[in-house]
Amino acid sequence: MFERMIDLRSDTVTQPTQAMRHAMASAEVGDDVFGEDPTINRLEEIAAETLGKEAGLFVTSGTMANLVSELAHCGRGEEMILGDQAHSFFYEQGGAAAVGSIHPRTLPNRPDGSLALAEIEAAVRPDNIHFPRTRLIMLENTHNRCSGAPLPAEYLQSVRELADAHGLKIHIDGARLFNAAAALKVPAAELAAPADSVSICLSKGLAAPVGSVVCGTHSFIEQARRARKLLGGGMRQAGVIAAAGIVALTEMTQRLAEDHANAHDLAQGLARIDGISLDPQQIHTNIVYFRIVRKDLPAEQLSGRLVEKGVRLLAAGPGLCRAVTHYQITAEDITAAVKAVEEIMNS
Ligand code: TLP
C-alpha cells in the first residue's frame, strides 16, 4: 500500500508552505476596493518590481488575469491574435468572447509554444470596413499545452518589433513565467520586458493557495482594475491570501530548477517504457505530456489504474497524458511513478 498520493495532475495541487500559513495568519489587512489593504498593495508592488513594470493588480486566478487583460486591451468586436493551443483559447470558456465580445483569431502554436512571425504578420487586419480591428497579440510563457515550452527573450523581442510596426499590444500569460526564467536562466523581467502586460500565477509552481497578479503600466492597470470589479473580482480583506503570494514571490521562485530536473528524469524514465511515446528533449520545464501508443489502454484507464498504485496524473485527451512536477514531488516520487506506469504498461 502507498503512504500518500504522488499527485502529478498539476502544479496547482501544491499546498501552502508553513511560511505561507504563518504569513496568512498574521497578515495586516484592509478594504482593497478602497485600495487600503497594505498586504495586497505590497504584493502588487513586489510583482511589478520583479517584472520591471509600473504597477500590478492582484486577481483571483490565472483565468481572471487573462480576462481582465483582454478586456483592458480590446474593445467589443476587436480582435486578438493567439495560439490555437493557448490556455486562454482552450480552457477559459471563451471568456474574452463571452464577456468582452473580443474576436479570437487563432494561429497554430508551433511545438516550442511560439507563433510564426510571418503568420502573425499575415493575420494583422488591414484598415478596412469589413474587418475587425486587430488590437492584441497573446503569448503564453511557459506554454502549458506545448509541454511547458519556454519562449526565449529574443523571440519575444521579435514579436514586440512586429507589434510596434502595427500598433498592437502584447499580453503574456505568464502563469509559469518563473519556470521559463529558471529554464532559460534569465531574470523574469527580461521575459516580461517585451510585453505591455504580463500575468503571473502564485498558485501553481509557487505553491500559494490562491491568486495571480497582472502587471503593466499605470494606465493599463487602471483599466484592468475596472474590469476586475466588473467581473465581481473586487476583493476586500484579501491580504490574508495575498500574504501567501508574497512568500511565493520572495521564497519560491528560486527552487523551480528542482522541479525541472524531476520532470526531466520523469520524461527519461517514461520514454524508456514500451508503448509510451515521448521525446525527453522537448521537456524543458515542469510539464510532461506523453502519448500511449496502445489502443487497448486509453489514457483514462491508465490514470485510473495508476490511482490504485498511489500515482495521479491527468488524462489530457485520447491517448494523451500529462504529468506536472512541483515542490511536493521528490526524486523518489519520480522513480516510484515511473515504476508504477511501467508495471501497468507491461501487464
Ligand atoms: N492551468 C491548469 C488547467 O486549467 C489546465 C493546469 O492545471 O495547468 N494560464 C495557464 C498557462 C494555465 O496553465 C492556467 C491553469 C491558467 C492560465 C488559468 O489559471 P487558473 O486555473 O488559476 O484560472
Can I246 and T39 be said to form a side chain to side chain contact (heavy atoms under 4.5 Å, CB included), step by step?
CA-CA 8 Å; I246 293 177; T39 309; 3.9 Å; yes
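With salt bridges taken as basic N to acidic carboxylate O contacts below 4.0 Å, none links K169 and D164. No salt bridge links R225 with E222; every basic N to acidic carboxylate O contact stays at or beyond 4.0 Å. Ion pairing of R125 with E79 is present here, as a side-chain N (NZ or NE/NH1/NH2) and a carboxylate O approach within less than 4.0 Å. The pair E78-R105 does not count as a salt bridge, with every side-chain nitrogen at least 4.0 angstrom from each carboxylate oxygen. Ion pairing between a basic and an acidic side chain is recognised when a charged N comes within 4.0 Å of a carboxylate O; E45 and R42 show such pairing.
Looking at R294, its side chain does come within 3.5 Å of a backbone N or O of M345 through a donor-acceptor pair. Judged by distance alone, the side chain of K53 and the main-chain N or O of A195 form a donor-acceptor pair under 3.5 Å. Looking at Y327, its side chain does come within 3.5 Å of a backbone N or O of Q15 through a donor-acceptor pair. A side-chain donor-acceptor contact under 3.5 Å links D196 to the backbone of I170. Looking only at distances, no side-chain donor or acceptor of D173 sits under 3.5 Å from a matching main-chain atom of S199.
Crowding of R110 atom CZ: a count of heavy atoms from other residues, nucleotides or ligands under 6.0 Å exceeding 12. Residue-environment remark: CG (N346) exceeds the threshold of 12 foreign heavy atoms within 6.0 Å. When the shell of 6.0 Å around CZ of R236 is examined, it contains more than 12 heavy atoms from other residues, nucleotides or ligands. Counting heavy-atom neighbours within 6.0 Å of E28 CD, excluding the residue itself, gives a total of 12 or less.
In the hydrophobic clustering of this structure, L168 does not group with L82; members are Ile, Leu, Val, Met, Phe, Trp, Tyr whose side-chain heavy atoms approach within less than 4.5 Å, directly or through other members. Criterion: ILVMFWY side-chain heavy atoms under 4.5 Å apart, direct or through other members. Under it, L302 and I334 are part of a common hydrophobic cluster. Hydrophobic clustering of Ile, Leu, Val, Met, Phe, Trp and Tyr side chains at less than 4.5 Å, counting indirect connections, unites Y155 with V124.
Side-chain atoms of L57 and E44, non-hydrogen and from C-beta on, do get closer than 4.5 Å to each other. Here the side chains of C321 and R291 are not in contact, with every heavy-atom distance at 4.5 Å or above.
A search for salt bridge (Lys or Arg N to Asp or Glu O under 4.0 Å) contacts involving E343 returns K309, K339, not counting sequence neighbours.
Looking only at atom types and distance, the side chain of N66 has no donor-acceptor partner in the side chain of S69 under 3.5 Å away. A donor and an acceptor atom, one from each side chain of S347 and R305, are located under 3.5 Å apart. Using modelled atom types, one finds no donor on one side chain facing an acceptor on the other under 3.5 Å when comparing E140 with H87. N179 and D259 share no donor-acceptor pair across their side chains, judged by distance under 3.5 Å alone.
Closest approach of L206 and C201 over heavy atoms only: CD1-O, 3.9 Å.
The aromatic rings of H73 and H171 are tilted relative to each other, their planes meeting at an angle between 30° and 60°.
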